[in-house]
Protein chains: 2
Amino acid sequence: MKNSPKSVARHQRTRKDHSMETAEDYVEAVDDIVTATGQCRVVDLTRHFGVSHVTVTRIVSRLVREGFLQTEPYRPIELTNKGRTLAAESRKRHQTVYDLLLALGVSERIAGIDAEGIEHHVSQETLRCFERFLKTSAPRTDGST
Amino acid sequence: MKNSPKSVARHQRTRKDHSMETAEDYVEAVDDIVTATGQCRVVDLTRHFGVSHVTVTRIVSRLVREGFLQTEPYRPIELTNKGRTLAAESRKRHQTVYDLLLALGVSERIAGIDAEGIEHHVSQETLRCFERFLKTSAPRTDGST
DNA sequence: CACAATTTGTAGCCTGTGCTACAAGGAAAA
DNA sequence: TTTTCCTTGTAGCACAGGCTACAAATTGTG
Ligand SMILES: [Mn+2]
Ligand SMILES: [Mn+2]
Ligand SMILES: [Mn+2]
Ligand SMILES: [Mn+2]
């Protein structure tokens with residue numbers, strides 16, 4: 001079939017998105033927690049994501065290996081410059097997705113949930129379209145229509 | 001932090017979405033391929049997703065175990081009623097996400113790519129908001145594209 | 001029919017991300 | 001200071017979903 005290469009490319013991109021998803025959520029969380037409390041510990045991420053401390057430790061190890069985080073045994077988790085950059089980009093995109101959902105009339109609770117998954121699959125082009133829509137469409141405080 | 005329970009719920013939902021993602025994409029693909037060619041073989045899915053036939057076989061086995069597909073050795077893959085239902089829902093949601101991206105000005109190529117990942121994280125409420133937007137303010141002259 | 005090509009299955013490897021159980025380090029309380 | 005409690009680390013398990021290599025079955029061709 002000729003349409004196969006197209007679907008292959010799409011699914012490959014989705015798989016690639018998923019490989020970045022954990023990194024994006026973790027650097028964003030570390031940044032948030034550091035800002036809120038001064039430092040980020042394993043236990044903070046455990047509570048943030050609702051997974052065991054073992055899972056957090058292993059994921060942090062991977063993100064250290066990949067250059068997004070740095071830490072030492074029994075010490076707080078810190079962002080590298082690379083991690084900070086990714087966190088800033090991710091937060092901006094997350095916020096735009098959230099704002100778009102609100103603009104389309106989604107409730108805050110559901111928008112918060114859905115944006116958490118959608119954000120990782122929004123390309124630069126799509127993000128720009130979202131931003132343009134938010135700019136041009138009248139900022140309705142409560143979308144009943 | 002007090003906001004932790006909220007973030008926990010969000011990330012738990014995202015993880016749950018991901019656990020359904022493969023099932024949704026596979027039943028949709030099987031349905032498409034059966035419609036297009038009369039039957040769906042392992043090799044068709046291999047070409048569709050761009051993964052090895054081993055990966056396809058193992059995922060098909062899981063989906064048979066979970067009641068979405070049925071097959072026998074060296075025979076075509078078929079949908080169960082449960083699988084058909086999921087395929088129909090998934091396709092409708094996929095199409096709505098795709099149409100929304102187009103309506104916001106995303107190119108067809110990028111919309112096709114992004115929708116492949118976004119679709120799995122769109123809740124019922126958000127889907128309804130997308131549909132309403134497309135009905136009320138989509139300047140598309142329907143028909144093609 | 002016999003042989004070749006395609007398809008499917010199986011063995012065995014990897015990584016990522018979940019978990020529990022237990023061990024050890026660090027901080028707080030007694 | 002000693003003891004307790006919280007935190008972090010480690011061992012070892014599970015499952016999903018990637019892979020290659022090789023084997024077997026099916027299908028197509030001469
Ligand atoms: Mn996020
Ligand atoms: Mn997220
Ligand atoms: Mn998809
Ligand atoms: Mn996803």
Side-chain angles (χ1 to χ4, degrees), chain A residues 1 4 8-27 29-30 33 37-78 116-117 120, chain B residues 1 4 8-27 29-30 33 37-78 116-117 120:
Chain A
M1 262 176 301
S4 289
V8 167
R10 289 175 182 177
H11 288 284
Q12 281 175 342
R13 237 290 306 274
T14 301
R15 289 196 294 272
K16 186 166 160 265
D17 289 345
H18 283 154
S19 76
M20 284 301 298
E21 186 160 330
T22 305
E24 290 170 355
D25 284 337
Y26 269 65
V27 296
V30 170
I33 292 165
T37 73
Q39 65 170 17
C40 177
R41 311 292 311 213
V42 169
V43 69
D44 297 318
L45 294 171
T46 291
R47 289 176 190 132
H48 181 84
F49 290 110
V51 299
S52 75
H53 80 278
V54 183
T55 297
V56 169
T57 299
R58 194 139 24 83
I59 290 174
V60 167
S61 296
R62 173 171 76 83
L63 298 181
V64 167
R65 170 162 46 89
E66 294 173 357
F68 295 106
L69 301 177
Q70 54 189 6
T71 186
E72 280 164 79
Y74 298 98
R75 308 253 22 239
I77 296 154
E78 290 169 13
E116 198 58 73
H120 309 284
Chain B
M1 264 182 297
S4 289
V8 167
R10 289 175 181 177
H11 288 284
Q12 280 175 342
R13 238 290 308 273
T14 301
R15 289 196 294 271
K16 186 165 161 268
D17 289 344
H18 283 154
S19 76
M20 283 302 297
E21 185 159 332
T22 304
E24 291 169 355
D25 284 337
Y26 269 65
V27 295
V30 170
I33 292 165
T37 73
Q39 65 172 17
C40 177
R41 312 291 313 212
V42 170
V43 68
D44 297 318
L45 294 172
T46 290
R47 290 175 190 135
H48 181 84
F49 290 110
V51 298
S52 76
H53 79 278
V54 183
T55 297
V56 169
T57 298
R58 192 140 24 82
I59 290 174
V60 167
S61 295
R62 174 170 77 81
L63 298 180
V64 166
R65 170 162 45 88
E66 294 173 358
F68 295 106
L69 300 177
Q70 56 188 5
T71 186
E72 282 163 78
Y74 297 97
R75 309 248 25 238
I77 297 154
E78 288 169 15
E116 197 58 72
H120 309 284

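Each chain gets a letter, A, B and so on, in the order its sequence line appears, and its residues count up from 1.
With sequence neighbours excluded, the residues forming a salt bridge (charged side-chain N to carboxylate O under 4.0 Å, His left out) with B:Glu24 are B:Arg93, listed by chain and number. Annotation: side-chain contact (heavy atoms from CB on, under 4.5 Å) contacts of B:Thr71 (sequence neighbours excluded): B:Val60, B:Val64, B:Ile77. In this structure B:Gln39 satisfies the side-chain contact (heavy atoms from CB on, under 4.5 Å) test together with B:Arg41, B:Pro76, sequence neighbours excluded. Legend: residues meeting salt bridge (charged side-chain N to carboxylate O under 4.0 Å, His left out) with A:Arg13, ordered by chain and number and at least two apart, are A:Asp17, B:Asp114. Applying the side-chain hydrogen bond (donor to acceptor under 3.5 Å, both in side chains) rule to A:Thr22 yields no partners; only residues at least two apart in sequence or on another chain are considered. Considering only residues two or more places apart in sequence or on other chains, A:His53 meets the ring-ring contact (aromatic ring centres under 6.0 Å, His included) condition with none of them. Applying the salt bridge (charged side-chain N to carboxylate O under 4.0 Å, His left out) criterion to B:Arg62, with sequence neighbours excluded, gives B:Glu66. Every residue two or more places apart in sequence or in another chain that forms a side-chain contact (heavy atoms from CB on, under 4.5 Å) with A:Glu78 is listed here: A:Gln70. Not a single ring-ring contact (aromatic ring centres under 6.0 Å, His included) links B:Phe68 to another residue, sequence neighbours left out.
Applying a 4.0 Å cut-off to non-hydrogen atoms, the residues of residues 59-66 of chain A that approach DNA chain C are A:Ile59, A:Arg62, A:Arg65, listed by residue number.
Between A:His11 and B:His48, the ring planes are tilted. Angles from 30° to 60° get that label.
If you check every strand for non-hydrogen atoms under 4.0 Å, B:Thr22 touches sugar and phosphate atoms only.
In the 5' to 3' direction, nucleotides of DNA chain D lying under 4.0 Å from heavy atoms of chain A begin and end at D:dT7 to D:dG18.
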With the criterion being N/O to N/O and under 3.5 Å, what pairs connect the protein with nucleotides 5-9 of chain C, and how long is each?
residue: C:dT7; atom: OP2; partner: B:Arg47; partner atom: NH2; Å: 3.2
residue: C:dT8; atom: OP1; partner: B:Arg41; partner atom: NE; Å: 2.6
residue: C:dT8; atom: OP1; partner: B:Arg41; partner atom: NH2; Å: 3.2
residue: C:dT8; atom: OP2; partner: B:Val42; partner atom: N; Å: 3.4
residue: C:dT8; atom: OP2; partner: B:Val43; partner atom: N; Å: 2.8
residue: C:dG9; atom: OP1; partner: B:Tyr74; partner atom: N; Å: 3.4
residue: C:dG9; atom: N7; partner: B:His53; partner atom: NE2; Å: 2.9
residue: C:dG9; atom: O6; partner: B:His53; partner atom: NE2; Å: 2.9

